[in-house]
Amino acid sequence: MSLVSSYSVSRGTTAGWLTAIRMPPIVAISFAVVVLVIAWSVAPGLFTSYDPVNGVPAQKLLGPSAAHWFGTDHLGRDLYARVVYGTASSVSSALIAVVIGVVAGGVIGLLAGFLGGWVDTVLARLVDVLLAIPKFLLAVIVVTAIGFATTNAAIATGVSAVAVFARVMRSEVIKTRQATFVEAAFLLGGSRWHILWRHVLPNASRSVLPLAVLQFGDSILVIASLAFLGYGDPPPASDWGLLISIGKDYLKWPWLVYAPAFVTIATVLSVNRISRWLRKTD
Amino acid sequence: MRNAYLTYAAKRLVQAVVVILLAYVFTFVVVSILPGDPITNVLRNPQNGFTETEIEEIIAAQGLDKPVLVQLSTSLSNFLTGDLGLSMRTNRPVTTLIAEVLPSTLVLASAGLAVALVLALVIAYGTRFLPKRFGQGLLRDFPSLFLSVPNFVIGLVLIHAFGFQLGLFRVIQPDSFWATFFAAIALGIPISAQIAEVLIANLDHESEQEYAAVARSRGIGQMRLFAKHLLKPSSLPVVTVIALTIGELLGGSLITETVFGRNGIGSLVQRSVTTQDLPVLQAVVSLAAVVFVLVNLIADLVYPLLDPRVKLLGAPERRPAAADESSVNVSKVVTS
């Protein structure tokens with residue numbers, strides 16, 4: 001009796017819930033960071049009362065304090081507000097990149113693995129070409145071709161990620177195709193597309209999910225690098241990479257680099273940790 | 001066996017050539033779908049101060065008045081003969097422009113790779129043999145931390161700490177020893193993470209083998225066990241990983257050179273992007289692809305010779321699939 005009641009009590013608490021899905025505390029913290037970052041990007045106004053664009057010139061280059069958590073920049077703008085307002089564009093562009101990579105790479109890998117034959121050969125060479133050009137260089141020429149903007153940087157990052165997803169998807173599809181239950185589905189008279197949609201895709205996508213999460217973190221870094229080189233939206237946008245790039249001209253006031261860098265690193269680290277946890281629990 | 005190797009080598013060689021040619025065409029297509037017209041953007045830009053006759057000359061020299069397909073075939077056949085064309089902005093041969101800055105990038109990239117290898121070895125040794133109280137667990141998290149830090153941030157932190165605070169080097173002298181040293185660290189850290197992860201995974205695997213247990217039971221020291229027994233079999237797959245990181249060395253040097261103000265391939269690309277100097281971009285990107293493909297070709301060709309356990313005897317058609325499989329595994333290990 002007491003056993004039962006203590007069980008139901010522990011299930012009600014957060015700790016019990018965490019043990020139930022076997023989530024280590026560090027992963028829980030990672031999720032908390034990601035949730036905070038998403039909240040920043042959805043409703044930045046709730047987290048800061050400062051204006052990210054118009055500063056108070058009299059308060060320029062102040063160090064971090066209770067009033068200005070991350071200090072202020074050379075125009076007297078609150079850096080924390082700039083980071084919070086820059087989140088939406090940094091995060092959503094990484095999301096765009098992942099979606100492009102997963103969808104385009106997924107379709108290529110699916111077709112190559114499932115159809116085989118000449119389709120596989122042609123697509124494999126395409127993937128080889130995408131892999132042969134260094135990822136960052138590929139992103140740079142694509143963003144040069146379609147113009148400097150954060151959305152375009154996201155598209156370029158997505159293009160540079162296509163090859164990885166295509167490869168993983170292809171090998172997963174080939175693996176699943178040879179499974180007995182797929183053979184059974186064929187024997188039961190399932191059509192190719194039914195089997196592809198119902199059996200191969202769900203099974204293959206299992207290992208794509210952790211990779212997609214990992215790519216999300218990587219995309220944040222690549223887009224930040226593109227923004228750092230000035231290939232994203234120009235100021236007064238406040239993408240994380242751009243903030244660091246502006247901060248590098250004021251290294252005497254190092255928080256202008258360290259604060260946005262810290263936020264970027266914490267986010268990417270959390271995302272990577274979640275990806276690793278997803279892969280392990282799989 | 002010898003025959004199988006030769007067939008494999010020939011197939012791999014043909015594949016490499018095909019990929020290089022396709023990469024050139026791909027780059028050409030990407031670069032020439034530019035929405036803006038390069039003629040008006042660059043040549044007629046008053047800042048560049050070209051006269052009308054000069055513009056005519058450049059258009060004729062670049063073949064910009066011809067259809068795209070003709071441009072592609074001329075540029076591809078020039079590329080095959082080693083002629084990379086003229087820079088649109090400076091009107092000098094692209095080959096000369098690249099040759100001028102190549103040494104600086106080579107120095108940086110090889111120093112970066114050396115830093116990455118040393119760091120990876122230290123991390124791998126530490127996670128395997130360091131006692132717990134000396135932060136073994138902490139060391140194991142280093143690779144994933146290294147992969148989460150943008151490399152320009154590492155560069156800026158190093159400049160701030162060692163350049164500004166300690167005054168070890170001056171930012172205005174980017175070619176001095178210390179500046180190069182720290183640039184190499186900034187470039188090498190993210191790459192070391194990938195090598196370290198593969199090395200750690202292999203070390204874990206090797207140290208569970210029976211020969212390792214035998215060596216341990218003979219009372220061999222940890223350092224000796226690591227250096228004499230475990231390192232060699234564990235570092236063979238690292239050859240493949242190093243070949244794969246060549247692309248990142250090139251991409252990373254783009255940023256590192258900007259951060260440290262070095263004049264190399266990266267800053268050449270950076271300049272060409274802002275001025276839309278397409279021939280230079282086309283040349284650098286295709287040369288990067290050539291380097292990447294060749295290095296990986298060499299790695300793939302050398303690998304079976306280094307590790308006799310790798311079997312090439314399977315039917316020739318099976319080989320590409322197996323190669324794909326293994327590189328996927330490598331990439332999985334890299335990302336884990």
Side-chain angles (χ1 to χ4, degrees), chain A residues 124-126 128-148 159 164 167-168 170-171 174 207 210-211 214 217-218 220-221 224-225 228-231 240-241 244-245 247-248 251-252 254 257-258 261 264-273 275-276 279, chain B residues 15 18-20 22-23 25-27 30-36 144-145 147-153 156-157 159-160 163-164 246-252 254-255 258-259 269-270 272-274 276 278 281-282 284-286 288-290 292-293 296 320-321 324-325 327-328 331-332 335-336:
Chain A
R125 285 300 88 79
L126 176 72
D128 278 346
V129 168
L130 287 177
L131 283 175
I133 301 171
K135 261 175 97 174
F136 191 67
L137 218 49
L138 180 61
V140 167
I141 59 161
V142 172
V143 82
T144 313
I146 55 183
F148 297 160
V159 170
V164 179
R167 276 216 149 169
V168 172
R170 175 179 174 277
S171 75
I174 290 176
S207 69
L211 194 66
L214 193 74
D218 197 44
I220 292 181
L221 292 184
S225 305
F228 179 80
L229 292 178
Y231 305 157
W240 295 345
I244 300 172
S245 166
K248 78 168 191 294
L251 269 185
K252 255 185 165 171
V257 167
Y258 288 147
T264 312
I265 295 168
T267 309
V268 178
L269 205 55
S270 305
V271 168
N272 288 353
R273 196 42 75 103
S275 160
R276 192 152 73 171
R279 197 169 32 228
Chain B
Q15 198 189 339
V18 169
V19 169
I20 287 175
L22 286 177
V25 174
F26 178 84
T27 319
V30 170
V31 166
S32 54
I33 57 163
L34 274 165
S144 75
L145 176 67
L147 284 178
S148 309
V149 184
N151 81 356
F152 52 92
V153 169
L156 289 174
V157 169
I159 290 179
H160 179 240
F164 277 37
I246 292 297
E248 264 161 80
L249 274 174
L250 287 169
L254 191 81
I255 295 168
T258 312
V259 172
V269 170
Q270 167 83 327
S272 314
V273 165
T274 35
Q276 304 228 316
L278 308 185
L281 279 182
Q282 165 87 51
V284 172
V285 173
S286 13
V290 169
F292 182 83
V293 170
N296 279 281
D324 275 1
E325 227 50 289
S327 47
V328 165
S331 69
K332 269 187 183 163
T335 52
S336 68

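Any value given below was found using the heavy atoms of this structure, including those in side chains, with hydrogens, waters and symmetry copies removed. In what follows, every chain begins at residue 1, and chains take the letters A, B, ... in the order their sequences are listed. No experiment lies behind these values; they were computed from the predicted model shown.
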Quick one: which of [options] has the most heavy-atom pairs under 4.5 Å with chain B, could you say?
options                            : value
S225(A), G217(A), A261(A)          : S225(A)
V257(A), I244(A), V142(A)          : I244(A)
V271(A), V159(A), L131(A), V143(A) : L131(A)
L126(A), L138(A), L221(A)          : L221(A)
L137(A), L269(A), V140(A), N272(A) : L269(A)
P254(A), G247(A), A266(A), S245(A) : P254(A)

Which word best sums up how the rings of Y258(A) and H160(B) line up, parallel for under 30°, tilted for 30 to 60°, or perpendicular for over 60°?
perpendicular
At a 4.5 Å cut-off on heavy atoms, which part of [X] comes close to chain A: side chain, backbone, both, or neither?
X       : answer
V19(B)  : both
V157(B) : both
V18(B)  : side chain
V149(B) : both
S144(B) : both
L250(B) : side chain

Please tell me if the side chains of [X] and [Y] come closer than 4.5 Å, counting only heavy atoms from C-beta onward.
X       : Y       : value
L130(A) : F26(B)  : yes
I246(B) : P134(A) : no
L229(A) : L254(B) : yes
F228(A) : N151(B) : no
I159(B) : K248(A) : no

Taking ring-ring contact (aromatic ring centres under 6.0 Å, His included) as the definition, give me every residue that meets it alongside Y231(A), ordered by chain and number, with sequence neighbours left out.
F148(A)
Go through V293(B), L281(B), L156(B) and name the one with the most non-hydrogen pairs under 4.5 angstrom from chain A.
L156(B)
Closest heavy-atom pair, I133(A) versus A289(B), reported as atoms and distance to 0.1 Å, is CG1-CB, 4.2 Å
From S148(B) OG over to I220(A) CD1, what is the distance, rounded to the nearest 0.5 angstrom?
10.0 Å
State the CG-CD1 distance between L278(B) and I141(A), to the nearest 0.5 angstrom.
10.5 Å
For D218(A), all residues meeting side chain to side chain donor-acceptor pair (under 3.5 Å), sequence neighbours excluded:
K135(A)
Among I20(B), V25(B), L22(B), side-chain contact (heavy atoms from CB on, under 4.5 Å) partner for V129(A)
L22(B)
Derivation of the side-chain contact (heavy atoms from CB on, under 4.5 Å) call for V153(B) and T264(A):
CA-CA 10 Å; V153(B) 169; T264(A) 312; over 6 Å; no
